[in-house]
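One structure is given here, and the rest of the page talks about it.
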Amino acid sequence: MAWLETVVCSSKKKVDARFLRILNSHQELKRRQEGCIAAWAARSVDGQPLFLVQSLYLSRKNLQEITKLVSEKMDSEYGSLESFMAGPPLVGIFEVDEKDFAKQFQK
């Protein structure tokens, strides 16, 4: 079973474009790590500074290791993501069958 991390968050006013660029940088670094199946970030289509960030990992251990690595590397470069957020994020971690998940993208 794979681990799916889902984060819904909003940015402070006037930093939403920069926040999305930084989120995409975080996701790109995750994708390059062994143990990360996929990672992406998206902005709400209604123009609000609301973002969905998802990452799919092979295991809990991969999630923990990659999250730590990305945080250490990216926070030193851009500062913590929390400094861009308007409030606390909503975070969920789910166990999914990566084979079923991959089938959804093949349709």
Side-chain angles (χ1 to χ4, degrees):
M1 297 297 276
W3 285 58
L4 176 66
E5 175 186 41
T6 299
V7 179
V8 178
C9 56
S10 59
S11 70
K12 294 178 183 175
K13 291 181 180 180
K14 299 185 180 181
V15 298
D16 50 318
R18 183 168 185 227
F19 185 54
L20 182 57
R21 285 192 302 273
I22 293 170
L23 288 174
N24 283 325
S25 295
H26 277 240
Q27 298 307 85
E28 176 61 31
L29 181 57
K30 287 178 185 179
R31 283 191 295 270
R32 291 186 299 206
Q33 306 308 309
E34 188 174 326
C36 181
I37 300 168
W40 57 91
R43 183 180 176 153
S44 172
V45 296
D46 66 1
Q48 296 296 313
L50 183 65
F51 300 87
L52 174 67
V53 183
Q54 292 187 302
S55 306
L56 185 61
Y57 302 93
L58 288 173
S59 69
R60 177 182 180 193
K61 183 179 177 185
N62 292 131
L63 181 151
Q64 292 170 329
E65 291 172 350
I66 293 169
T67 299
K68 181 179 177 187
L69 171 91
V70 170
S71 179
E72 289 171 356
K73 181 168 176 53
M74 301 302 279
D75 286 1
S76 65
E77 208 170 311
Y78 300 110
S80 78
L81 288 176
E82 287 79 14
S83 66
F84 292 93
M85 292 183 194
L90 175 61
V91 179
I93 298 177
F94 308 90
E95 209 171 26
V96 298
D97 186 332
E98 66 272 15
K99 293 174 190 154
D100 290 340
F101 198 89
K103 289 176 190 175
Q104 296 300 317
F105 287 106
Q106 293 173 356
K107 289 182 180 179

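Bear in mind the structure is a predicted one, so any value in this text is a computation, not a measurement. Index from 1, following the sequence. The analysis underlying the following values was restricted to heavy atoms, covering all of them including side chains, and did not include hydrogens, waters or symmetry mates.
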Is any NZ, NE, NH1 or NH2 atom of the basic residue among E65 and K68 found under 4.0 Å from an Asp or Glu carboxylate oxygen of the other? no

Could you point out which residue of N62, I66, L63, L69 forms a side chain to side chain contact (heavy atoms under 4.5 Å, CB included) with K30? I66

Minimal non-hydrogen separation, S59 against W3, with atom names: C-CD1, 3.7 Å

Which atoms form the tightest heavy-atom contact between D16 and P49, and what is the distance? CB-CB, 4.0 Å

Would you please say whether a donor-acceptor pair under 3.5 Å links the side chains of Q27 and W40? no

Is it true that the side chains of Q48 and S10 contain a donor and an acceptor less than 3.5 Å apart? no

Distance col, row L20:CG vs R43:CZ, nearest 0.5 angstrom, shows 7.5 Å

Shortest non-hydrogen separation from F84 to V15 and the atoms involved: O-CG2, 3.9 Å

Take a 6.0 Å sphere around CD of E95 and say whether it holds more than 12 heavy atoms from other residues, nucleotides or ligands. yes

Could you pull out all residues at least two apart from S83 that satisfy side chain to side chain donor-acceptor pair (under 3.5 Å)? none

At what distance, to the nearest 0.5 angstrom, does CG of D97 lie from CG of L4? 12.5 Å

Between R31 and A39 (side chain of the first, backbone of the second, donor and acceptor by atom type, cut-off under 3.5 Å), is there such a pair? yes

In this structure, CG of L50 is separated from SG of C9 (nearest 0.5 Å) by 7.5 Å

Less than 4.5 Å apart, any side-chain heavy atom of H26 and any of L29? no

For the pair R18 (side chain) and I22 (backbone), establish whether a donor and an acceptor sit closer than 3.5 Å, ignoring hydrogens and angles. no

Rounded distance [0.5 Å steps], OG in S71 versus CG in L81: 8.0 Å

Grab the two heavy atoms, one from A41 and one from L23, that are nearest each other, plus how far apart they are. CB-CB, 4.0 Å

Under 4.5 Å between side-chain heavy atoms, hopping through other hydrophobics if needed: is there a path connecting F94 to M1? no

Pairwise distance CD(E28) to CD(Q33) - rounded to 0.5 angstrom: 10.0 Å

Intermediate values then yes/no, side chain to side chain contact (heavy atoms under 4.5 Å, CB included), Y57 and Q64: CA-CA 10 Å; Y57 302 93; Q64 292 170 329; over 6 Å; no

Side chain to side chain contact (heavy atoms under 4.5 Å, CB included) evaluation trace for M74 with S25: CA-CA 8 Å; M74 301 302 279; S25 295; 3.4 Å; yes

Are V53 and L90 connected in a single hydrophobic cluster, I mean Ile/Leu/Val/Met/Phe/Trp/Tyr linked by side-chain heavy atoms less than 4.5 Å apart? no

Apply side chain to side chain contact (heavy atoms under 4.5 Å, CB included) to residues V7 and L52 and explain how you reach the verdict. CA-CA 6 Å; V7 179; L52 174 67; over 6 Å; no

To the nearest 0.5 angstrom, please state how far the CG atom of N24 sits from the CZ atom of F51. 9.5 Å

